[in-house]
Amino acid sequence: MARFRADWVWTSTGPVRGGEVCVSDDGLIKRVRTAHTTGAKAEQLPGILLPGLVNAHCHLELSDLRGRVPGGQGLTSWAQALLARRRAPQDEAIRDALDQAFDLGTAAMIDVTNSGAAMPLLAQGPVSGVAQIEVLGIEPDRCEAALEHAARLLLAPGLPARATCHAVVSCAEDLLEDLLASPVVPGPAVTFHCDEDPADADLLRDGSGPWADFLDRLGRQWRGRLGSAATPVQLLEGLGLLGPHVALVHCVYTGARDLDRIAASGTAIVLCPRSNLYIGGILPDVPAMVQRGIPLAIGTDSLASVDDLDLLKEAVVLASAFPEIDPSTWVFALTTGGARLLEAGSASRGDGSDLGGLVAGAGHGMLLVELPPTEDPVATLLDGTQWPRRWLCPPRRP
Ligand SMILES: [Zn+2]
């Protein structure tokens, strides 16, 4: 068994000074002490011990598009550029992305896939994960074909997986009900894109805007098949599809009343701030989410909209943009906030400490981020400096 002492240890209540973590030879945390005894043999490390981080939203299959999809003009133009450049997923780019994510401290990932190409690589690679098989469909024959494709991918061995919708605006109303109902058997949260662009609400409210033009150009028979509501969140609420089994990704344009609905239902939100800035140049109203106590997680989104899969850089952006919020909020979101979405739940969901905390019995790895002497380790951690980081013990594979 190895004992690690450091200036600071991340715990369920935030950073604690001078802690000690004992880890078994096979990578299981045996004990966490916040006031270590002196005299015992242990490494004394500068900086902070963190649990392995959770990337709550990625699309590994787009990894070969790094730097190839221009941003800055909003989601619809980014999506069209993506479709024009997209090719068959490249295994080597996916493997490189996974290795990079692991080296940067990612222990687990919620990966969204259409093709299923990343699933075997995620199952074998250094990062554990859940695949979310993204279904799009508006006309009945397309919905049926998409569900059959998802059902085939769900049979693939080696990786927990579930089907989800791509977004409220790309699925027929009855398909949303099929995919997003609260599960009878508890499972990982279902995650999907929501309010990433104001065009989402335009389409549902009065069938206008860039998405309407886009769907018309593709020849989709969408009129009368998509749901009708003032906003995506109101559509979901009306269909009874919000709840702790759901995490909405982005919510860049979600207004105050809809955030009230999200908070009241126990729905989580996954923030992808660097992707939002790259695609649309704007961040969500995160303070309004924090004020309402909405459970938050953080994802990178794909390499088609960020330069790397470094989760701490996402937290740095949030800490810099919202200095009025306690920066520990972002570390919780990167750890237990994402982990609780991986845990089994349905009408209720745990706090994520089993899969995302430095607690006895956990096996999702422990990182050291080397910091200079500091009285405020989280502010220092997220001050924008690329502090050295390394795994003291890697995550155990299930
Ligand atoms: Zn996405």
Side-chain angles (χ1 to χ4, degrees), residues 54-66 68-71 74-83 85-86 89 93-94 97-98 101 106 108-119 122 127 129-136 146 150 161-171 176 179-180 188-200 211 214 232 246-254 267-284 296-311 313-314 317 333 338 341-342:
V54 180
N55 187 340
H57 187 69
C58 191
H59 304 252
L60 285 169
E61 65 192 9
L62 303 180
S63 294
D64 62 302
L65 294 174
R66 186 195 311 242
R68 297 180 57 223
V69 186
L75 183 64
T76 48
S77 78
W78 179 86
Q80 287 174 69
L82 174 82
L83 290 175
R85 288 163 177 77
R86 195 166 179 181
I94 295 171
L98 273 169
T106 306
M109 180 181 287
I110 298 176
D111 186 55
V112 180
T113 182
N114 296 129
S115 67
M119 290 173 67
L122 190 54
V127 176
V130 169
Q132 303 250 322
I133 299 161
E134 186 177 63
V135 175
L136 296 85
R162 63 158 302 156
T164 185
C165 71
H166 161 261
V168 170
V169 293
S170 54
C171 292
L176 293 178
L179 292 167
L180 305 181
V190 59
T191 71
F192 54 94
H193 307 100
C194 184
D195 284 329
E196 191 174 357
D197 193 276
D200 291 16
W211 281 138
F214 184 69
V246 170
L248 304 174
V249 181
H250 298 306
C251 290
V252 178
Y253 291 91
T254 307
T267 305
I269 292 177
V270 179
L271 302 170
C272 303
R274 287 191 300 161
S275 177
N276 299 152
L277 289 174
Y278 180 78
I279 291 173
I282 185 172
L283 290 173
L296 297 177
I298 293 176
T300 54
D301 220 343
S302 78
L303 289 172
S305 56
V306 289
D307 291 334
D308 57 45
L309 301 183
D310 188 348
L311 285 162
K313 283 188 186 164
E314 304 292 340
V317 168
L341 304 180
L342 296 166

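Atoms within a ligand are numbered from 1 in the order they appear, just like the ligands themselves. Worth saying up front: this structure is predicted, and the values here are computed from it rather than measured.
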* Return the minimal non-hydrogen interatomic distance between Ala161 and Ile133, and the atom names on each side. =>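 Distance-wise, the nearest heavy atoms are CB-CD1, 4.2 Å.
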
* Any side-chain heavy atom of Val306 sitting closer than 4.5 Å to one from Lys313? ->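 No, side chains not in contact.
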
* Would you call the rings of His59 and His193 parallel, tilted or perpendicular, where under 30° means parallel and over 60° means perpendicular? ->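 Parallel.
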
* Look at the N, O or S atoms of Cys272, main chain and side chain alike, and state whether any lies under 2.8 Å from the Zn ion (ligand 1). =>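 Short answer: no, not a single N, O or S atom is under the cut-off.
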
* Would one find an N, O or S atom of His59, in either backbone or side chain, under 2.8 Å from the Zn ion (ligand 1)? ->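 An N, O or S atom of His59 is closer than 2.8 Å to the Zn ion (ligand 1), so yes.
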
* With the Zn ion (ligand 1) at the apex, how many degrees lie between NE2 of His193 and NE2 of His57, rounded to 10 degrees? ->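 My answer is 100°, to the nearest 10°.
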
* To do: Determine which of the N, O or S atoms in Asp301 is closest to the Zn ion (ligand 1) and give its atom name.
  =>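 Closest N, O or S atom of Asp301 to the Zn ion (ligand 1): OD1.
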
* Verdict with supporting geometry, Ser302 and Leu65, side-chain contact (heavy atoms from CB on, under 4.5 Å) -> CA-CA 9 Å; Ser302 78; Leu65 294 174; over 6 Å; no

